[in-house]
Structure formats: C-alpha cells, structure tokens
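The structure appears below as structure tokens.
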Number of protein chains: 2
Amino acid sequence: MRLSTKGRYAVTAMLDLTLNGSDGPVTLAEISETQGISLSYLEQLFAALRSKQLVKGVRGPGGGYYLGREADEISIADIICAVDEWVEFTRCGGNRDCQDGKRCLTHNLWDDLSNEIFSFLQSITLAELVERGGLKEQGCRKEKEKASIMPTASADTAAA
Amino acid sequence: MRLSTKGRYAVTAMLDLTLNGSDGPVTLAEISETQGISLSYLEQLFAALRSKQLVKGVRGPGGGYYLGREADEISIADIICAVDEWVEFTRCGGNRDCQDGKRCLTHNLWDDLSNEIFSFLQSITLAELVERGGLKEQGCRKEKEKASIMPTASADTAAA
DNA sequence: TTTATAACCAAGTAAATGACTAGGTAATTA
DNA sequence: TAATTACCTAGTCATTTACTTGGTTATAAA
C-alpha cells in the first residue's frame with residue numbers, strides 16, 4: 001500500500017479540476033501554474049488518471065481536461081489507486097509457507113487494516129471534500145495547531 | 001504525507017510484538033524469521049520506534065523488545081509517524097505566494113483530508129486491531145474478493 | 001571470568017521511485 | 001495554415017527502500 005506525495009499531487013490536481021471545471025475544460029498549464037507542479041509531470045499523472053476514466057481530455061485550443069464523471073462519483077481512493085498503484089502484499093493467499101500461522105496472523109491483521117484505510121478513502125468523494133472542507137475556512141490563514149505530534153519538515157514545492 | 005511499505009513493516013513488527021510479547025521480550029531475530037524481514041532492516045526500524053518510546057529494548061541473552069506502553073496506548077499513526085516521517089507540505093502557512101487564493105484553497109482541502117486520514121489512523125490502536133481483526137478469521141484462507149478494484153501486483157516478500 | 005546472546009550503531013549499496021526535462025506527434029480551433 | 005492543446009517516449013538526477021557488512025556494548029548463563 002502506498003500513499004505518497006504523488007497521490008497528493010493527483011488529488012490536488014483533481015480538486016483543482018473540480019473547483020474550476022464548471023466553465024469549460026481546465027488546461028494542465030493552468031494547473032501547473034496555480035498548483036506549482038511541473039507541466040510534464042502533470043501530463044504523466046493525467047495519463048494514468050485518463051486510463052482509469054477519471055478525467056477526459058479535450059484537444060486543441062480551448063481544450064483541457066474535464067472530470068471523467070461527476071465529482072460525487074470520484075473517490076480519493078480512485079485517484080490514489082490510479083497514480084500510486086495500490087499494491088497488496090500479503091502473499092500468503094493460499095496458506096503455504098505460513099510460519100505455523102504466526103506470520104499469517106499478522107498478515108491478516110495488516111490486511112484488515114489496509115482494507116479499512118482503503119474503504120475510508122473510498123468513502124470520501126471530491127464533491128464531499130469541496131463541500132465540507134473548502135467553504136468553512138476560506139482564507140489561507142488557519143490557526144489550528146494540527147502538527148504538534150508530527151515533525152513538520154518543510155518540503156519545498158516551489159513554483160518555478 | 002506518506003504511508004509506504006516501510007510503515008507496513010513497522011506495523012507488522014509491532015503487531016508481532018503485541019501478539020507474542022506476553023511471555024518475555026521478543027527478539028528481532030524471531031520477528032525477522034516469522035515475518036520475513038531482514039534483521040538489520042528491523043534494527044533500523046526499531047531504532048526509530050525506540051526513539052519515540054514505542055518499544056523498549058532489553059539487552060543480553062533472553063533479551064529482546066517489549067512494547068513501550070500498553071497496546072491500547074499505541075496507535076497506527078504513532079508507528080507510521082515514527083518510521084515514515086509524516087511530512088506536511090502545504091507551505092503556504094502565511095498566505096504569501098498564494099496564487100490569488102486558488103492554490104491555497106486546494107491546499108486547504110488537501111490539508112483537511114490529510115488531517116482526517118491522520119486522525120483516522122490515530123483512532124486505531126494495536127490492541128483494537130488484534131481484538132477486532134485477528135480472532136474472527138483465524139486461518140490463512142479468506143474468501144473475500146476485496147481487491148477487484150485495486151491491481152494486485154504480487155510483491156514478493158519472500159523469506160530467505 | 002569468560003562466552004554466547006542479544007541490543008545497539010555506522011556506513012555503504014543496488015534497485016526502485018519521484019519529480020522533472022527535452023523533444024517530439026496528433027488533434028482541433030481561429 | 002498557424003497556434004494551441006492533449007498526448008507520448010525517453011531520458012536524468014536525487015531520494016528512498018531494503019538490505020549487507022562489520023562492528024560495539026550490555027547482560028545472562030557457563
């Protein structure tokens with residue numbers, strides 16, 4: 001299982017599409033600009049998204065990308081799976097090589113957890129995210145001290 | 001944010017500790033054997049876990065590792081944060097450079113999602129996982145067709 | 001007191017992944 | 001016909017993963 005910055009880029013881009021796609025398709029150049037992601041990298045991400053029918057491309061001038069289906073029909077899990085290859089590893093599918101049950105037990109536990117995380121992410125749609133999150137605290141300022149536990153290494157995703 | 005195989009290794013090892021730690025400390029050699037993870041890699045993971053007080057090491061013969069605190073006091077988020085460095089990236093903390101609000105809006109949305117995932121993982125403890133998941137379906141066989149959506153690339157974590 | 005057993009520690013490595021660049025082709029609109 | 005966009009391929013460099021090698025220290029048992 002994986003859930004890296006690549007997935008974040010994809011979700012961010014899809015959110016951008018959701019928010020700005022109401023009047024005509026959105027170009028990758030625009031997303032690249034506003035989100036600070038390299039154009040070519042976006043192209044690669046969107047190739048994956050397109051292959052899973054999550055976006056629809058329109059060529060030529062005035063072209064760009066639409067969402068492949070309604071925003072309430074696209075889950076976060078869909079997006080992450082498209083770009084990040086959600087891999088299942090507990091390979092003890094047919095209980096050979098299963099260290100007298102011990103290994104298999106923990107594998108099962110991890111498997112359950114993994115499924116839970118998956119269905120959690122599957123339960124959140126783009127539409128929901130925009131409704132719930134976006135409108136409350138509009139501005140860029142937010143006071144909450146969310147990161148007291150987690151080390152905040154300042155990754156720099158600077159726009160060129 | 002990150003949630004990779006490294007985190008899976010750590011959670012798996014901690015689950016092993018939870019299950020087998022009742023009678024004396026568990027050695028990394030044992031975990032390495034039963035879980036199929038390289039000993040030295042485990043040492044590195046446990047160095048991180050130890051620095052966060054999630055495990056306690058006992059040296060010498062008969063030594064090994066205990067959980068650093070009760071299993072119901074250790075969350076999955078704790079474990080993943082220890083080894084995987086939960087990084088927050090929306091760096092527009094003080095709304096400069098904020099592409100007339102657009103970028104910041106999606107950043108906020110991602111941020112909210114990220115927090116939700118975090119508190120979700122924080123709400124699941126080792127004890128809970130063991131109680132809920134492990135006892136129901138004991139054996140290695142399980143019928144559920146969980147992975148119809150996700151591509152099951154068979155990663156090979158073979159024991160040497 | 002020696003020896004085996006474990007945790008602890010440091011450095012290096014091959015392979016994979018991440019994020020990006022360069023340089024195209026193919027549709028489509030103006 | 002020219003500009004604009006998606007679409008495609010093949011690189012590159014840095015980071016991360018998972019692992020190896022080769023130690024040292026603490027401690028229990030001999």
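Each chain gets a letter, A, B and so on, in the order the sequences are listed, and its residues count up from 1.
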Below 4.0 Å: OP1/OP2 of dT17(D) and any side-chain N or O of Arg8(B): no

side-chain N/O Arg59(A) vs dT4(D) OP1/OP2, d < 4.0 Å: no

d(CG, Leu49(A); P, dA6(D)) in whole Å: 13 Å

Atom CD of Glu43(A) with >12 non-hydrogen neighbours under 6.0 angstrom: yes

Phosphate OP1/OP2 of dT21(D): any Tyr41(B) side-chain N/O under 4.0 Å: no

Options dG18(C), dA28(D), dA18(D), nucleotide nearest the side-chain atoms of Thr5(A): dG18(C)

Phosphate OP1/OP2 of dT17(D) contacted by Ser4(B) side-chain N/O (<4.0 Å): yes

Donor/acceptor link under 3.5 angstrom from Thr27(A) side chain onto base of dA6(D): no

Of Gly60(A) and Lys6(A), the one whose closest DNA chain C nucleotide lies more 5': Lys6(A)

Minimal non-hydrogen separation, Phe120(B) against Glu116(A), with atom names: CZ-O, 3.9 Å

Presence of Tyr65(A) side-chain N/O under 4.0 Å of dT5(D) phosphate oxygens OP1/OP2: no

Heavy-atom donor-acceptor pair, Ser38(A) side-chain to dT21(C) base, under 3.5 Å: no

Residue whose nearest DNA chain D nucleotide is more 5′ - Leu28(A) or Val83(B): Leu28(A)

Shortest non-hydrogen separation from Thr27(A) to Gly63(A) and the atoms involved: CG2-O, 3.4 Å

Donor-acceptor side-chain pairing of Ser75(A) and Asp78(A) below 3.5 angstrom: yes

Pair of N/O donor and acceptor under 3.5 Å linking dC8(D) base with Gln44(A) side chain: no

For atom CG of Leu42(B) and atom P of dT17(D), their distance in whole Å: 15 Å

Earlier contact from the 5' end, DNA chain D, for Ser40(B) and Gly64(A): Gly64(A)

